Amino acid sequence: NDEDIPVDNKGITLLNNSMAAVVFGGDSQDIINAIGKKKPLGIKTNGDVVGQYVDEYSFLPLQIKFYRAAGVPIEIQLSLKVDSNFPSNGISEIKDNLVSYFEGTFSVTPGFYKEGMKIGKNVIYSRLFTPINQVVGHELAMFTIGKLGRMLATNDVTINLNELATLVAQNININVI
């Protein structure tokens, strides 16, 4: 935030003239040291993890903050009309494709966004059709998504700046009608 006032950004209030690092994994002190070495002088840090970095030039201790990305479990419900071309393992293939998409390991033709879910990235409803439709022999009769345990819908799922959308096969419910 290069403004002189605090700014809200995807669910987080950033201090004036500050930066925010949102991190998934890693040792806290290693992260604090990396931020301390790279952040510009006079720039505050934001976060709920707080530690101390000793500046290598002035030897002064600096308070460094960062956020740990919180996993946000996603739930998907599908109803499929299947025909004779639908494989016997089609349900597990669809689940595997969706989980692979979230993890960034889903491989399809060029041009499809395949980086997986990133910290602070919304789950885009329309991008999930490709992993589903890689399995032949079905039509989607119903497709809803949302945060686990909340209302599911046919639109994007908003993810805050300090969150990471996650998906496991157990949170994908597929009904054949």
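Small disclaimer: the values here were computed from a predicted structure and weren't measured.
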Asks: Can you see which heavy atom on P61 is nearest to which on Q52, and at what distance?
Replies: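 Nearest heavy atoms, P61 then Q52: CB-NE2, 3.3 Å.
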Asks: Output side-chain donor-acceptor pairs under 3.5 Å for residues 73-84, partner residues at least two apart or in another chain, one line each.
Replies:
unit_1: E75; atom_1: OE1; unit_2: G149; atom_2: N; d: 3.4
unit_1: E75; atom_1: OE2; unit_2: Q77; atom_2: NE2; d: 3.4
unit_1: D83; atom_1: OD1; unit_2: N85; atom_2: N; d: 2.8

Asks: Tell me the closest heavy-atom pair linking F86 and G137, and the distance in Å.
Replies: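 Result for this residue pair: CB-O, 3.3 Å.
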Asks: Could you point out which residue of I91, V176, I132 forms a side chain to side chain contact (heavy atoms under 4.5 Å, CB included) with H138?
Replies: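 The side chain to side chain contact (heavy atoms under 4.5 Å, CB included) with H138 is passed solely by I132 among I91, V176, I132.
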Asks: In this structure, would I119 and I124 fall into the same cluster of hydrophobic residues linked by side-chain contacts under 4.5 Å?
Replies: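 Different clusters: I119 never reaches I124 through Ile, Leu, Val, Met, Phe, Trp or Tyr contacts under 4.5 Å.
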Asks: So, does R68 use its side chain to make a donor-acceptor pair with the main chain of V22 at under 3.5 Å?
Replies: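 Such a contact is absent between R68 side chain and V22 backbone.
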Asks: Please answer: with hydrophobic residues joined when any side-chain heavy atoms are less than 4.5 Å apart, are I172 and L140 in the same cluster?
Replies: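 Both belong to a single hydrophobic cluster.
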Asks: Would you say V136 ends up clustered with F129 if hydrophobic residues are merged whenever their side chains have heavy atoms under 4.5 Å apart, either directly or through other cluster members?
Replies: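 No, separate clusters.
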Asks: Apart from I31 itself, what residues make up its hydrophobic cluster, given side-chain heavy atom links below 4.5 Å?
Replies: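 Taking Ile, Leu, Val, Met, Phe, Trp and Tyr as members, I31 shares its hydrophobic cluster with M19, V23, I32, I35, I43, V49, Y53, L62, I64, F66.
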Asks: Between F102 and L148, is there a shared hydrophobic cluster once you connect ILVMFWY residues whose side-chain heavy atoms come closer than 4.5 Å?
Replies: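 Each belongs to a different hydrophobic cluster.
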Asks: Would you tabulate the side-chain donor-acceptor contacts of residues 151-164 under 3.5 Å, counting partners in other chains and residues two or more places apart, or write 'none'?
Replies:
unit_1: D156; atom_1: OD1; unit_2: Y125; atom_2: N; d: 2.9
unit_1: E163; atom_1: OE1; unit_2: N160; atom_2: N; d: 2.8

Asks: Grab the two heavy atoms, one from E93 and one from P87, that are nearest each other, plus how far apart they are.
Replies: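 Heavy-atom minimum between the residues: OE2-CG, 4.0 Å.
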Asks: If you link ILVMFWY side chains whenever their heavy atoms are less than 4.5 Å apart, which other residues fall into the same cluster as L41? By chain and number, please.
Replies: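 Noted: L41 shares its cluster with no other residue.
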Asks: To check you understand the geometry: which heavy-atom pair defines the closest contact between A165 and M117, and what is its length?
Replies: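 Looking at all heavy atoms of both residues, the shortest contact is O-CB, 3.7 Å.
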Asks: Under the rule for side-chain contact (heavy atoms from CB on, under 4.5 Å), what residues qualify as partners of S100, not counting sequence neighbours?
Replies: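 Once residues adjacent in sequence are excluded, the partners of S100 under the side-chain contact (heavy atoms from CB on, under 4.5 Å) criterion are T105, F106.
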Asks: To the nearest 0.5 Å, tell me how far L15 CG sits from I5 CD1.
Replies: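 So the gap between those two atoms works out to 12.5 Å.
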Asks: For Q63 and T45, which heavy atoms make the closest approach, and how far apart are they?
Replies: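 What the structure gives for the nearest pair is O-OG1, 3.9 Å.
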Asks: Output yes when a side-chain donor or acceptor of E103 lies under 3.5 Å from a complementary backbone atom of L167, and no otherwise.
Replies: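 Not a single qualifying donor-acceptor pair exists.
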Asks: Would I174 end up clustered with Y101 when hydrophobic side chains under 4.5 Å apart are linked, directly or stepwise?
Replies: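 Yes, same cluster.
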Asks: Ignoring hydrogens, what is the shortest heavy-atom contact between N89 and S92? Give both atom names and the distance.
Replies: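 Looks like O-OG, 2.9 Å.
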Asks: When rounded to the nearest 0.5 angstrom, what is the spacing between CG in N175 and CE in M142?
Replies: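 The CE atom of M142 is 6.5 Å from CG of N175, to the nearest 0.5 Å.
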Asks: Counting only heavy atoms not in E139, do more than 12 sit closer than 6.0 Å to its CD atom?
Replies: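 Atom CD in E139 is not crowded, with 12 or fewer foreign heavy atoms closer than 6.0 Å.
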Asks: Under a single-linkage rule joining Ile, Leu, Val, Met, Phe, Trp and Tyr whose side-chain heavy atoms are separated by less than 4.5 Å, which residues share a cluster with Y57?
Replies: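 Same cluster as Y57: nobody, lone residue.
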